[in-house]
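Since the model is a prediction, treat every value here as computed from it, not as a measurement. Proteins come first, then strands; the chains are lettered A, B, ... in the order of their sequence lines, and each starts at number 1.
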Amino acid sequence: MQNKTKYLVTAALPYANNYVHIGHLAGAYLPPDIYVRYRKLKGDDVIFISGSDEHGTAIDMAAIQENVTPQEIIDRYHFSNKKAFEDIGIGFDIFSRTSNKIHHETAQEFFLNLFNKNILIKKTEKQLYSEKEKRFLADRFVTGTCPVCGNTEARGDECEVCGSNLSPLELINPRSRITGDIPVVKEAVHLYFPLGRYQDKISEWILSKKGWKQNVINYVNGWLKSGLRDRAVTRDLEWGVKVPVENNEGKVIYVWFEAPIGYISATKEYFINKNEPARWKDYWMGDNTKLIHFIGKDNIVFHSIIFPAALMAHGEYILPDNVPANEFLNISGSKLSKSKKNGILLKDIVEKFPPDVVRYTIASILPESKDSEFSWKDLQSKNNSELAGILGNFINRTVVFAKTKFGNNIPGRKNDDGILNYIKDQTETISQNYENFKLKDALTETMNVVRAANKYFNDTEPWKLIKDEKEKCGEIINNCLQICYSIAILIYPFLPFTSEKILSILNSDKTNFKWERIGEINLESGNELGENQILFPQIEDKQIEKEMETENGSDSNAENKNDLKKITEDKTGSGLIGLEDFKKVNLRVAKVIECEAVPKSKKLLKLKLQVGDREKQIVSGISEHYKPEEMIGKLIVVVDNLKPSKLMGVDSEGMLLAAKKDGELRLVLIDGEIEPGAEVS
RNA sequence: GCCGGGGUAGCUCAGCUGGUUAGAGCGUCGGAAUCAUAAUCCGUAGGUCGGGGGUUCAAGUCCCUCUCCCGGUACCA
């Protein structure tokens, strides 16, 4: 008994700066919930943990922008997300938050442990310092003129206008975002976690892991190959967990380091609530706990490299047993560009559709091995033809039959004809699927059981037997009702709400509600049934069309690809070229009709050009020299037949001519007026 | 450009270390049945496994190459 395996299952900590959407659900919340519900049915000792990640500059900044306190921001998202999770039936044992006192203490203890062992390294770097505020300014707390596009309100880490990645020191005329104070450059000391030193240990540890998903191994190997680098663990910020070491005023522990410790703090909190404040150690420090992190693929690095390295450094904690990361769930129709995150919010979808319908749809397309695609039509068809048609129908036809033909009582039985044993056998393969984190397969097999139930009903034809073999008929219906109970157990991990409803329809309680009772006799003959209800009402076309419309409305990605695909061979001859060669280059006059910066790029501008009666788009690295608006209307010279290419994902169908020397760049322009499209030779 | 992941029936996806006629669900079409939310059950059709080349007795599965999509990274004359 003492040695029974304990399971510590975590779901990624959602950042309390955004609403959780169904992509998150598919990646990091529904899978562990299903898994945990299965373990609980098996009677395993399992705790399911998550909580809001509530620190970091993004939250602080959001607060400033909205002119509220960070507390208000995190409260908004924490409680909203928490409720959405409850509504969809994610049964966390605890959904904590990193702003809790217990977390601050835990994180500080962890930090001090490493600090006292001299594991953390001091490094000096140049940083902006505000004399007035008497502190160093974190990246996002600096505003200035973007060196790329000239935007005067660029942030220290990124220019929101042109999307360039910046460092605060690059900004022209930097100033404090809060007080407007002009900062000075000063040397700042920060503590670093020597991740590089753990390269070998991590590598060895990963290699020793069996049964990890291939996508996770690939990701980790990619990181290991390019070499692990030390990471700063302190940051200049007010909002966060204070660095518990002298001479570090105004510094907090960097969120990447502090947040995952939240799993530990949440466990502590869970046991404090249960009045067993020391029990958490049995899980985090015991030798028979399986720590399992469910996450999306964007989190693999943190959960399979960085956090384990930190745990190794600390030394007293267990390491993850598995990190079953999922790929991404895409929304069909609208290709979600990385810039705008068009997700379907969890809190919205649970208002429109029953939670189990959403759970079922998502569970059946879990991105376990590759990105998968969600569509509203899929949800509709899953509901109508699988949930209603197969599952709902079986329960309903059985119950209606028993009610009308057997006076609302469970008819008697003698012995079964093998169907229950068949179902019991199936649980073995289903169990295997759960154990291997193959939840989609588990769902398929589960539904196959329900299909078999329908087949049983069809094959035995109780509606015929009722006429002159009522007793035999009663036995079949008894079997079907027993199957209903078994189904309630089987589907519980995926459809907990429906599971409850079935129990209530059967007028039964949870005494036999255990995995090993599947395929057993769990209902007593003679008992009265409860009130019947339709488990899955049809979803009408209208309802689906409405969702599809609202979705498409927000998406305006209607760029058709051009068919012009002339390819020119460019052979590099050394020295002189003949007229023939020169003529291969098709130079034309083009008028700039639109121009904007390419998001996230430093130097690229996207230009829409008029060339004769055609339009074409080119991308050019000139934004350090020309602003988008001053480009419009200019008559420039372009190479018209250049092989098209993509720059940062944006199509470019040519190049413009410009002179360049010593960092100076000037465009080749046309003297006077001439029709765009005119040939240049 | 580079790194990683993909491209398998109309749709959504399975196919581990290469091995008999490539699978499932939904959808299609045909039939049976009528207890049931016109739900169920049986059967049918549908794939040159993105294109090309190679290794092998044998490749969706390994190698090369091309192409398209996704993510990361690169920044461009």
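- Considering only side-chain N and O atoms, Lys370(A) lies under 4.0 angstrom from the phosphate OP1 or OP2 of G7(B).
- Neither side chain, Glu475(A) nor Asn479(A), offers a donor N or O lying under 3.5 Å from an acceptor on the other.
- One interatomic measurement links the two molecules: CD of Glu373(A) to P of G6(B), which rounds to 17 Å at whole-angstrom precision.
- Distance, Asp459(A) CG to A32(B) P: 17 Å, rounded to whole Å.
- Going from the P atom of G27(B) to that of U40(B) covers 7 Å, rounded to whole Å.
- A donor-acceptor pair under 3.5 Å links the side-chain atoms of His24(A) to the main chain of His21(A), judged by distance alone.
- Stacking between Trp463(A) and C35(B) is shown: the ring centroid lies under 5.5 Å from the centre of the six-membered base ring, and the planes differ by under 30°.
- Near RNA chain B, meaning a heavy atom under 4.0 Å from it, residues 355-369 of chain A has Ile365(A), Ser369(A) in order of number.
- The nearest heavy atom of RNA chain B to Gln533(A) and to Lys297(A) marks one nucleotide each, and the one closer to the 5' end goes with Gln533(A).
- Shown here, G46(B) is classed syn by the O4'-C1'-N9-C4 or O4'-C1'-N1-C2 angle, which is within 90° of 0.
- Looking at heavy-atom distances under 4.0 Å, Lys377(A) makes no contact with the nucleic acid at all.
- Checked against the 6.0 Å centroid threshold, Phe437(A) and Tyr35(A) count as a close aromatic pair.
- With C1' as the reference atom, A45(B) and A9(B) are 11 Å apart, rounded to whole Å.
- Within the nucleic acid shown, Phe457(A) comes within 4.0 Å of at least one base atom, counting heavy atoms only.
- When each of Ser381(A) and Pro462(A) is assigned the nucleotide of RNA chain B with its nearest heavy atom, Ser381(A) is the one assigned upstream, toward the 5' end.
- At a threshold of 4.0 angstrom between heavy atoms, the contacts of Phe328(A) with the nucleic acid are absent.
- Between the CZ atom of Phe374(A) and the P atom of C70(B) there is a distance of 20 Å, rounded to whole Å.
- Between the CG atom of Asn384(A) and the C1' atom of A38(B) there is a distance of 12 Å, given to the nearest Å.
- Geometrically, Arg359(A) does not engage Phe494(A) in a cation-pi contact, judged by NZ or CZ lying under 6.0 Å from the ring centre and within 45° of the ring axis.
- At the heavy-atom level, Gly389(A) lies under 4.0 Å from the strands shown only through sugar-phosphate atoms.
- Taking the ring axis of Phe394(A) as reference, the NZ or CZ atom of Lys455(A) does not stay both within 45° of it and closer than 6.0 Å to the ring centre.
- Defined by atom type and a distance below 3.5 Å, a donor-acceptor pair is present between the side-chain atoms of Asn478(A) and Ser525(A).
- Arg397(A) has its CZ atom 9 Å from the P atom of U40(B), to the nearest Å.
- In this structure, a donor-acceptor pair under 3.5 Å is absent between the side chains of Arg451(A) and Asn454(A).
- To the nearest 0.5 angstrom, Ile539(A) atom CD1 is 5.0 Å from Phe353(A) atom CZ.
- Residue Glu327(A) is classed as having no contact, given no heavy-atom separation below 4.0 Å to the nucleic acid.
- Ile390(A) has its CD1 atom 6 Å from the P atom of C41(B), to the nearest Å.
- Rounded to a whole Å, the NZ atom of Lys403(A) is 15 Å from the C1' atom of C35(B).
- Looking at heavy-atom distances under 4.0 Å, Lys382(A) makes no contact with the nucleic acid at all.
- Base contact: Leu535(A) has a heavy atom under 4.0 Å from a base atom.
- Rounding to whole angstrom units, CZ of residue Arg451(A) and P of A39(B) are separated by 15 Å.
- Among the protein residues, Asn454(A) comes within range of the sugar-phosphate backbone only, with heavy atoms under 4.0 Å from sugar or phosphate atoms but none that close to a base.
- Taking the six-membered ring for Trp and the full ring otherwise, the centers of Tyr38(A) and Tyr434(A) sit less than 6.0 Å from each other.
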Bracket notation of RNA chain B in which parentheses pair within the strand, [ ] cross earlier pairs, and | pairs with another strand (Watson-Crick or G-U, under 3.5 Å) = (((((((..((((.....[...))))..((((.......))))......(((((..]....))))))))))))....
